[in-house]
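Below is one structure; the comments refer to it alone.
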Amino acid sequence: MTSNLTEARSVAAPSIRRADGTPVRVLVVDDESTLTDLLQMALRYEGWEVRTAPDGRTAVAAAREFRPDAVVLDIMLPDIDGLQVLQRIRADRPDAPVLFLTAKDSLDDRLKGLTAGGDDYVTKPFSLEEVVARLRGLVRRSTLTTAVASDPTIEVGDLVLDEDSHEVTRAGENIELTATEFELLRYLMRNPRRVLSKAQILDRVWSYDFGGRSSVVEIYISYLRKKIDAGRDPMIHTVRGAGYMIKSA
């Protein structure tokens, strides 16, 4: 990981704030104090309020007291692992996006993190700029910074998405989505009957170069299908060799 003050200063960007104008709150959980100190410094240059925790139990207690808007979470912690921490934090903060930090680079480990409810991940070693950019993207897509639209409702067939409340229903039945699932569905619904390539989806939904790992699109499309199409006529379609499309059933 690049670890100097110059880089920490270079990652600063125009501040993203909560809807009420107060600073975004970020909880950083890692047992490497040097790493948490650097992340804390970089995120404070974003204008955000940052709290750190060196282990899982401290992180759970901090999340209840601090009520973070986003969490940076190491999977390998000295007491309980990050996946267990995520489950406990989600009980209190179900909508807070979570960025996993991990030294593990196998596909299985990445999928476990995403399947457990994480919204994104970076593998060590990483640059501060990469972590801040990915976290910035997650926060922008959260309910914290969603701009009020003149017509916040998008409808495709019996599927309805409200951009203000982040509520999604199909045939009147409520569907619970994570922040990333919501953004992916919103992009599809804004482009009904249009084939969107994996590259287009990566660029729009993740807002950064994902290193060619287009499998993350397949993963999240499968998540949406389980929630949107399960037991119903399918709306999300794969166009072989081209991408994905949503249309009325």
N/O donor-acceptor pair under 3.5 Å between [X] side chain and [Y] backbone:
| X | Y | answer |
| --- | --- | --- |
| Asp229 | Ile236 | yes |
| Lys227 | Glu176 | yes |
| Arg25 | Phe66 | yes |
| Thr169 | Asn174 | no |
| Asp74 | Leu77 | no |
| Asp162 | Ser165 | yes |

Option passing side chain to side chain contact (heavy atoms under 4.5 Å, CB included) with Phe100 (candidates Thr123, Leu86, Val122, Val71):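 Among Thr123, Leu86, Val122, Val71, the one meeting side chain to side chain contact (heavy atoms under 4.5 Å, CB included) with Phe100 is Leu86.
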For side-chain contact (heavy atoms from CB on, under 4.5 Å), just list the numbers for Asp37 and Thr52, CA-CA rounded to whole Å, side-chain angles, deciding distance to a tenth of an Å, and then say yes or no. CA-CA 8 Å; Asp37 288 346; Thr52 64; 5.8 Å; no
With hydrophobic residues grouped by side-chain heavy-atom distances under 4.5 Å, do Ile228 and Ile219 end up in a single group?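 Same cluster.
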What verdict does the salt bridge (charged side-chain N to carboxylate O under 4.0 Å, His left out) test give for Asp119 and Arg90, after you've listed the backbone C-alpha separation in whole Å, the side-chain angles of each residue and the deciding distance to 0.1 Å? CA-CA 12 Å; Asp119 296 284; Arg90 283 283 195 231; 3.2 Å; yes
Distance-only donor-acceptor hits, side chain of residues 55-65, under 3.5 Å, sequence neighbours excluded:
from  : atom 1 : to    : atom 2 : distance (Å)
Asp55 : OD1    : Arg57 : N      : 3.4
Asp55 : OD1    : Thr58 : N      : 2.8
Asp55 : OD1    : Thr58 : OG1    : 2.7
Asp55 : OD2    : Thr58 : OG1    : 3.3
Arg64 : NE     : Asp92 : OD2    : 3.3
Glu65 : OE1    : Arg51 : NH1    : 2.4

Salt-bridge test for Arg186 and Glu181: reply yes if a basic N is under 4.0 Å from a carboxylate O, no otherwise.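 Not counted as a salt bridge, because no side-chain N and carboxylate O are separated by less than 4.0 Å.
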Would Arg93 and Asp69 satisfy salt bridge (charged side-chain N to carboxylate O under 4.0 Å, His left out), going step by step from the backbone distance to the final call? CA-CA 8 Å; Arg93 305 292 290 165; Asp69 302 308; 3.6 Å; yes
